[in-house]
Amino acid sequence: MQRISGPHMQEKYQPAEVELAAQQHWVKTQAARAVEDTTKPKYYCLSMFPYPSGKLHMGHVRNYTIGDVLTRFHKMQGYNVLQPMGWDAFGMPAENAAIQNKVPPAKWTYANIDYMRSQLQRLGFAIDWEREFATCTPEYYRWEQWLFTRLYEKGLIYKKLGTVNWDPVDHTVLANEQVIDGRGWRSGALVEKREIPMYYMKITAYAEELLADLDQLPGWPEQVRLMQKNWIGKSTGVRFAFPLADNSNEKLWVFTTRADTIMGVTFVAVAAEHPLATRAAANNPELAAFIEECKKGGVAEADIATMEKKGMPTGIFVQHPLTGEQVEVWVGNYVLMGYGEGAVMAVPAHDERDFAFAKKYNLAIKQVIAAEGETFSLDGWQEWYGDKSRGTCVNSGKYDGLAYEAAVDAIAADLAAKGLGEKKVQFRLRDWGISRQRYWGCPIPVIHCESCGDVPVPDDQLPVVLPENVEITGAGSPLAKMPEFYECTCPKCGKPARRETDTMDTFVESSWYFLRYACPDNTQAMVDERVAYWCKGGIDQYIGGIEHAILHLLYSRFFTKLMRDVGLFGEQKLDEPFANLLTQGMVVAPTFYRDAEGGKKDWINPADVDVTTDERGRPTGATLKADGQPVVIGGTEKMSKSKNNGVDPQSLMDEYGADTARLFMMFAAPPDQSLEWSDAGVEGAFRFLKRLWKLSHDHVAAGIVPAYSGGELDGVLKDFRRQLHQTIGKVSDDYGRRKQFNTAIAAVMELLNAFAKLPDSPEARSVKQEALEAAVLMLFPIVPHACQALYAELKPGCDAGQATFPKADAAALVQSEIELMLQVNGKLRGSIKVPADAAKDAIEAAALASETVQKHLDGQAPKKVVVVPGRLVNIVV
RNA sequence: GCCGGGAUGGCGGAAUCGGUAGACGCAGCGGAUUCAAAAUCCGCCGCCGCAAGGUGUGAGGGUUCGAGUCCCUCUCCCGGCACCA
């Protein structure tokens, strides 16, 4: 094997040279190529694929370095490893770029992919590039269309009206992101809600399984499972009807989880789009105007939930299903047509929102729950009013005295007897609307025929190819303006027909790409038996941002189950795609700005700012490098274009090399926490690599020797060797179990600090050889280029990438004497040394005999002595 | 608004199962080297205090021999909220 850094080791660490040589070596030896091999355990390590936005940002560097560390570590542990990469290539930014720069989305996307691929290669990730694909190619999305037609036939995809943000000036549908303060981002027009037909995936049919299987995912963070559980939101309640008071036999259906409060209903609220509201508005211009007002504004839940609750009576009355009393129907802007029945019963006394609404409009508030020791008052809302775990029914006739569960059961039974309702399990989860009125996405494979209706495109006409030369204006859907795309013939009857011009939500592509990596070259099927090899028991590690905790991960779980039920996995049992999940935190950086006209702020990039500090290093101010004048120090925020606080990873790589970038990212914070960018921290990472290089160089220059393999050692060397093997144990645990790399790096740093203080003797040299070999292998997953070169110097002819990860030597860990802390009344007062195998009473005696303890006891007898083996002794006086 | 998370020196963070708070690194300070600087190496470094000592993990309360860690109340910050990806 070639010596990577040449016949004479460079004295100075030169990352550009070292990294180029290492990367060429890996390409030549196909080090990252993954081949199915049943003789080894497999390890599929997956990072969330990037949207090709132009260039890598720090979040990508962080995400993919974490993945690469785990990939390389597991390879050194003997696993057959797969680390793939691809491109989530459909999406809005390509259309925005097309509007701004007049570049076709496809061209822009492919150019970005080429650049970003080169950046990933420059970072030295052990990616199997033979498996790369972009989701915007027909070779990929044809299978998505194929699956769509299967699901459509199974009834798992259906059409219904959905509410979207409508820009009345641009005549276009806007994403929530494009609605700013209720206005369209380009036109500035007030956005309206509009109902249009859309295709939906029946994710609610899988709600029960998606919820239950969360318990089968011990490798997921508890917080993510909890978020998904709450999102699915299973609740048991009662669906029941209020008959209309006009004796028309019509009914208004509602769902409630608080049927126990049914006797406290004082009004009913319906959504603005509810048929009853429409009917009432027909001869009530004031109400019609109010309904129009409700339709203003966007559809985002966060906006609806925080806006002022408003309502108006309809003049329509319904009968209370149990008392027969007349109850008025109101239209409320906070009731959503898309949830449940689009109508809710209102119990102001026991629902905080209803309480506020009733106070505002002077509606009746009737207490029907009482809790012991509490007084009900209309002065203000109190927490216990809505707490179903407390209290019993009052003012509720035959239900008086019943607690929550008993009351719900009795009331549900009575409603059922009247044929007006029943208990029902309800999910918060809604079906997934996948239609988008956009160009740069996967065409929905449906043809609309006047005679045959909606006809899925037959297999032999797939893929429906997205035309690539299109003019994007930002107004309206481009495909709907292209007769050459939408004019077609019906596959059933052959008559002229119209092709669907909506495309799919881009979450669809990212819901199954991880399965396609197993078999990206298959032109005959969506997936094949290689999925059974790589995805058996789930993908071993998935790494990505916490912002995907709900949507992407839930959709991916859903798709895996859909594909299983379409029979795509054959005999293999694959219910869940990701066995282990690591959610990484954001990359944040300080912000700087100057106030500009109109209350706006000019954000200044951290790279252009000098921060001044006082004699203790505390920041006292900041100035712009260009003019030396002060700028305002803002908060520390997620790197973004809008705050101009992004740092380009490319400049980091150019200046320090890939290893320093990787080391800094892994050292600055544990993976799941946010990571604060710091120029000085990067310097520190670079300094450490220089130090590692120099220590190795000095050792190699004095002549390499066989690593220590046995024999008596004196105190210093014995202690150091114990530290070495403790470090090996800790680093293995940090990589393998804890997935916390900052502490692994810190442990190796400590080891090298101790290493630098070792004496120079023949014995010491063999221990140093052992330590350097181990340190270089331990750091290899994080800084593979430098370690590849160093290992070849320490063990000529050996390839660090093919080496086995060091194992701790149990014999080296044995300790004869240990130190115990001494506490008096819980306060640290000193320490004692005892034999490692000392008995409890011997420890107690030694502690009591110690000078410090005697001083604090001051002649008194201890009340209690607590001995924690291996830790401390606490004496209570 | 709802769901989930976070807060520890001047800064990033460590403390893995309730047991030495501040590992490791950055910044700072002192020294060595140097004509000088950079680089490098050595040492100091939570706060108050001359010291003894006291005090300290967002705020307040509690459990415990012992709390950064567990429980209750609160404040601020961050992620998600279904068309950003």
Side-chain angles (χ1 to χ4, degrees), chain A residues 48 50-51 53 88 91-93 162 164-165 173-179 221-224 226-227 229-231 233 298-307 309 334 338 352-353 429-430 432-433 435-438 505-507 510 545-552 554-555 583 585-586 588 613-619 635-638 667-670 672-685 687-688 690-691 694 730 733-734 737-738 740 742-743 745-750 753 756 819-823 825-828 831 863-866 868 870-872 874-876:
Chain A
M48 289 182 185
Y51 177 79
S53 55
D88 188 12
M92 263 194 342
V164 295
N165 302 306
V173 175
L174 298 177
N176 286 335
E177 185 191 54
Q178 297 171 316
V179 179
E222 184 56 40
Q223 53 155 313
V224 175
L226 191 55
M227 279 192 261
K229 185 182 174 217
N230 291 338
W231 185 263
V299 298
E301 192 191 295
D303 295 334
I304 291 163
T306 48
M307 73 189 175
K309 311 288 178 286
Y334 61 94
E352 190 168 5
R353 199 169 48 183
L429 182 70
R430 314 194 304 253
W432 175 14
S435 295
R436 298 289 180 272
Q437 298 69 43
R438 296 186 203 295
D505 181 0
T506 57
F507 269 123
S510 56
I546 183 68
E547 65 273 21
H548 295 291
I550 295 175
L551 293 180
H552 163 62
L554 190 65
Y555 292 150
T583 49
M586 300 171 303
V588 300
T613 55
D614 66 10
E615 76 283 358
R616 277 195 155 128
R618 285 183 282 235
T636 300
E637 302 193 47
K638 179 178 174 169
F667 183 61
D672 55 345
Q673 282 182 32
S674 66
L675 180 152
E676 189 171 326
W677 176 258
S678 152
D679 287 323
V682 174
E683 287 276 355
R687 207 173 298 156
F688 173 71
K690 282 195 286 187
R691 183 171 154 86
K694 183 164 188 303
K730 171 167 180 58
D733 187 46
D734 279 350
R737 178 182 64 89
R738 295 218 297 157
Q740 189 170 297
N742 56 332
T743 46
I745 296 164
V748 179
M749 283 175 169
E750 274 185 89
N753 287 345
E819 193 178 20
L820 295 181
M821 293 303 123
L822 290 180
Q823 292 183 343
N825 288 336
K827 284 193 178 177
L828 186 67
S831 67
K863 268 191 199 153
K864 188 174 176 180
V865 179
V866 181
V868 184
R871 291 279 184 183
L872 55 73
N874 187 17
I875 292 147
V876 187

Original post:
Which base sits across from B/G1 as a Watson-Crick or G-U pair, both distances under 3.5 Å?
Top reply: B/C81
Subject >> Modelled atom types, side-chain donor and acceptor of A/Thr743 and A/Asp734, under 3.5 Å >> reply: yes
Original post:
Base, sugar-phosphate alone, or nothing: which one does A/Val224 contact when heavy atoms must sit under 4.0 Å apart?
Top reply: nothing
**OP:** Kindly point out which of B/G13, B/C83, B/G5 is positioned nearest to the side chain of A/Ala669?
**Re:** B/G13
Original post:
How is A/Ala302 classified with respect to the nucleic acid when contacts are heavy atoms under 4.0 Å: base, sugar-phosphate, or nothing?
Top reply: base
Original post:
Can you tell me how far P of B/G79 sits from CG of A/Leu551, to the nearest Å?
Top reply: 16 Å
Original post:
Where the side chain of A/Thr306 is concerned, which of B/A85, B/G1, B/C83 is the nearest nucleotide?
Top reply: B/G1
Subject >> Separation between the P atoms of B/A21 and B/G68, rounded to whole Å >> reply: 9 Å
**OP:** Hunt down the Watson-Crick or G-U wobble partner of B/U75, both distances under 3.5 Å, from any strand shown, or write none.
**Re:** B/A7
Subject >> Length of the line joining A/Phe688:CZ and B/G12:P, which is rounded to integer Å >> reply: 22 Å
Original post:
For A/Glu676 and B/G6, what is the distance between atoms CD and P respectively, to the nearest whole Å?
Top reply: 18 Å
Original post:
Counting side-chain heavy atoms from CB outward, which of B/A82, B/C65, B/A85 is closest to A/Arg430?
Top reply: B/A82
Original post:
Given the C1' atoms of B/U57 and B/G12, what is the spacing between them in whole Å?
Top reply: 16 Å
Original post:
Can you give one letter per nucleotide of nucleotides 16-23 of chain B, going 5' to 3': B for a protein heavy atom under 4.0 Å from the base, S for sugar-phosphate only, - for none?
Top reply: B--BBS-B
Original post:
For A/Val299, does its backbone N or O pair with a side-chain atom of A/Asn165 as donor and acceptor, under 3.5 Å?
Top reply: yes
Subject >> Counterpart residues, side-chain hydrogen bond (donor to acceptor under 3.5 Å, both in side chains), relative to A/Trp231 (two or more places apart) >> reply: none
Original post:
When you measure from the side chain of A/Met92, which nucleotide among B/A85, B/C26, B/C83 comes out closest?
Top reply: B/A85
Subject >> Options B/G25, B/C83, B/G80, nucleotide nearest the side-chain atoms of A/Glu547 >> reply: B/G80
Subject >> Spacing of CD1 belonging to A/Ile304 relative to NZ belonging to A/Lys309, to within rounding of 0.5 Å >> reply: 10.0 Å
Original post:
Considering every strand shown, what is the Watson-Crick or G-U wobble mate of B/A39 when both distances are under 3.5 Å?
Top reply: none
Subject >> Among B/C26, B/A14, B/A85, the one nearest A/Pro93 by side-chain distance >> reply: B/A85
Original post:
Checking A/Gln673 side chain against A/Pro670 main chain: does a donor-acceptor pair fall under 3.5 Å?
Top reply: no
Original post:
In the strands shown, is B/A67 matched to any nucleotide by a Watson-Crick or G-U wobble pair with both distances under 3.5 Å, and which?
Top reply: none
Original post:
In whole angstroms, how far is the P atom of B/C81 from the CE atom of A/Met227?
Top reply: 11 Å
Original post:
Quantified in whole Å, what is the C1' atom distance between nucleotide B/U69 and nucleotide B/G6?
Top reply: 15 Å
Subject >> Shortest side-chain distance from A/Gln437, nucleotide among B/G13, B/C83, B/C78 >> reply: B/C83
Original post:
Looking only at atom C1', what distance separates B/C44 and B/G22, rounded to whole Å?
Top reply: 16 Å
**OP:** Between B/U34 and B/A15, how far apart are the P atoms? Round to whole Å, please.
**Re:** 42 Å
Original post:
For A/Gln673 and B/G25, what is the distance between atoms CD and P respectively, to the nearest whole Å?
Top reply: 19 Å
**OP:** Quick one: look up who B/G12 pairs with, Watson-Crick or G-U, both distances under 3.5 Å, and put none if it's unpaired.
**Re:** B/C24
Subject >> Rounded distance in Å between the C1' positions of B/A36 and B/G28 >> reply: 23 Å
